[in-house]
Amino acid sequence: MVAKRIIPCLDVRNGRTVKGVNFINLRDAGDPVELAALYAEQGADELTFLDITATVEGRGTLTALVRRIADVIDIPFTVGGGIRNVADVGALLEAGADKISINSMAVKEPQLIDTLAKEFGSQCIVCGIDVRFRSELKDWEVYVAGGRTPTGLDAIAWAKEAESRGAGEILLTSMDHDGMKSGFALEITRQCSDAVSIPIIASGGGGKMEHFIDVFKQGGADAALAASIFHFREIDIPELKIFLQKHGIHIRLNR
Amino acid sequence: MASVAVVKYNAGNIRSVLCALARLGVDAEVTDDPQLLKKASHVIFPGVGEASSAMRYLHQKHLDEVLVSLKQPFLGICLGMQLMCSLSEESHTECLGIYPTPVIRFQPSLKAKIPHMGWNSVTVYDNSLFNKIPDPSWFYFVHSYYVPLSKQTEACCTHGRTQFSAALNLGNFWGVQFHPEKSGPSGAQLLTNFLQF
């Protein structure tokens with residue numbers, strides 16, 4: 001049986017880790033490669049690098065960073081942020097990324113998912129979906145531009161469309177839960193997981209180890225992604241994985 | 001010292017394989033030159049992509065004939081292993097026919113999402129390819145098609161209710177469905193074992 005995955009997420013800008021990190025055993029906490037290697041060593045199942053560089057020059061820096069990551073890291077990694085077209089994806093995959101994640105651009109130009117899946121295969125196309133609860137309609141709405149712009153799209157409908165167009169995985173982030181550390185958005189994660197047959201990565205809200213049990217058992221997620229709780233060592237990855245196994249979650253323990 | 005050739009064709013993740021070999025101190029040559037492929041001590045046939053376009057490319061370059069005639073240890077990875085089979089359901093593609101086994105598409109279910117993506121444990125029958133790898137051994141898989149169990153199966157894996165071949169062997173031809181280049185220390189050990197053949 002395939003194991004549930006734990007995925008640390010690193011925000012990078014101009015090739016450096018942005019969000020604060022708190023690791024005493026790193027020489028340079030700002031170097032994403034060093035942090036990534038530590039996570040891989042600790043048993044992270046995959047890594048996600050989110051590039052928040054806004055400039056064109058920054059893209060070149062990102063490709064160079066991806067090459068360095070691929071040299072060192074022996075587990076799969078996804079790169080996302082600001083991807084616009086086939087050329088962007090080709091450059092990142094050629095540099096050694098295993099998967100790319102598209103978000104705003106996929107909403108703006110859904111055909112891009114079809115094109116990328118055909119060109120590179122569904123297995124490397126992750127569709128990022130950022131959502132917020134709409135209390136008046138009792139549903140979840142898709143947001144783009146880093147959660148700033150509402151689209152009117154229903155999250156489930158969009159997830160199904162992304163799947164039918166060839167996305168291989170969905171990275172579902174609840175903006176309502178992100179940073180709150182009060183648990184993942186279980187309801188929408190479960191609805192999304194039941195609605196599509198591709199894997200769901202749940203993101204946003206993980207604050208305690210128990211939250212990870214919930215997102216796998218109740219949310220039906222295939223993977224859980226988190227950032228600062230790992231960076232600030234509020235949750236230790238090896239400890240989390242042992243905890244999950246004790247609670248009946250199928251997890252990869254020895255590296 | 002092994003002189004390793006990696007088959008150059010229109011399939012992805014070649015750089016990942018080269019990086020994994022470099023971490024083992026092996027400098028491999030990426031080539032589609034039949035002479036260089038024949039001369040190499042070991043040949044690795046990686047691949048992420050689509051079966052029919054990959055086979056079309058191999059056929060156009062006459063690499064299909066070259067690959068099946070090779071005598072040295074040969075390792076197909078993921079799509080590479082599937083292309084070594086007889087026939088793939090992916091675009092109904094005739095493959096290299098090294099293994100007399102077809103490639104079949106997974107049927108999705110709530111318990112078994114497609115693609116089969118992530119870390120899964122494999123059951124090893126008896127295989128020097130898995131020497132010194134702890135049991136259970138975990139490897140990283142990403143695929144929507146699978147090779148059923150057969151006489152050539154050297155390790156198996158389960159997704160949902162489907163048992164499938166995680167590794168195949170026939171003579172000098174080895175294949176693995178997972179990605180050793182992305183499977184941490186276990187994957188590195190498997191590549192080391194192969195290079196010692």
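Naming convention: chains lettered A, B, ... in sequence-line order (proteins, then strands); numbering from 1 in each chain. Please read all numbers here as calculations on a predicted model, not as lab measurements. The figures here come from the full heavy-atom set of this structure, side chains too, leaving out hydrogens, waters and symmetry mates.
B:W138 does not carry A:R252 over the face of its six-membered ring by the limits of under 6.0 Å from the centre and within 45° of the normal.
A salt bridge links A:E169 with A:K99: the closest approach of a Lys/Arg side-chain nitrogen to an acidic carboxylate oxygen falls below 4.0 angstrom. Between A:R5 and A:E46 a salt bridge is recorded (basic side-chain N to carboxylate O distance below 4.0 Å). Salt bridge status for A:R16 with A:D31: absent, with no side-chain N to carboxylate O gap under 4.0 Å.
Contacts of A:I200 with chain B are made by both backbone and side-chain atoms, with heavy-atom separations under 4.5 Å. The contact between B:S183 and chain A is made entirely by backbone atoms, counting heavy-atom distances below 4.5 Å. Looking at A:A95, the atoms closer than 4.5 Å to chain B (heavy atoms on both sides) all sit in the backbone: N, CA, C or O. Proximity to chain A (any heavy atom under 4.5 Å) is restricted, for B:E181, to the backbone atoms N, CA, C and O.
Side-chain contact of B:Q177 with B:S165: a donor-acceptor pair under 3.5 Å is absent, judged by distance alone. Between the side chains of B:K113 and A:S193, at least one donor N or O lies within less than 3.5 Å of an accepting N or O. With hydrogens and angles left out, the side-chain atoms of B:S150 and B:Q152 include a donor and acceptor closer than 3.5 Å. Defined by atom type and a distance below 3.5 Å, a donor-acceptor pair is present between the side-chain atoms of A:T173 and A:S203.
Not less than 6.0 angstrom separates the ring centroid of B:Y146 from the ring centroid of B:H116.
Ring orientation note: the planes of B:F197 and B:F194 are nearly perpendicular, at an angle over 60° on the 30°/60° scale.
Residues of residues 184-192 of chain A never come within less than 4.5 angstrom of chain B, heavy atom to heavy atom. For residues 66-77 of chain A, the interface with chain B (any heavy-atom pair closer than 4.5 Å) comprises A:R67, A:A70, A:D71, A:V72, A:I73, A:D74, A:I75, A:P76, A:F77, sorted by residue number.
Counting heavy-atom pairs closer than 4.5 Å to chain B, the top-ranked of the candidates A:A40, A:G96, A:G121, A:A97 is A:G96.
Minimum interatomic distance between A:D45 and A:K4 (heavy atoms only, all atoms of both residues): OD2-O, 3.7 Å.
Once rounded to the nearest 0.5 Å, the distance linking CG of B:L79 with OG of B:S88 reads 8.0 Å.
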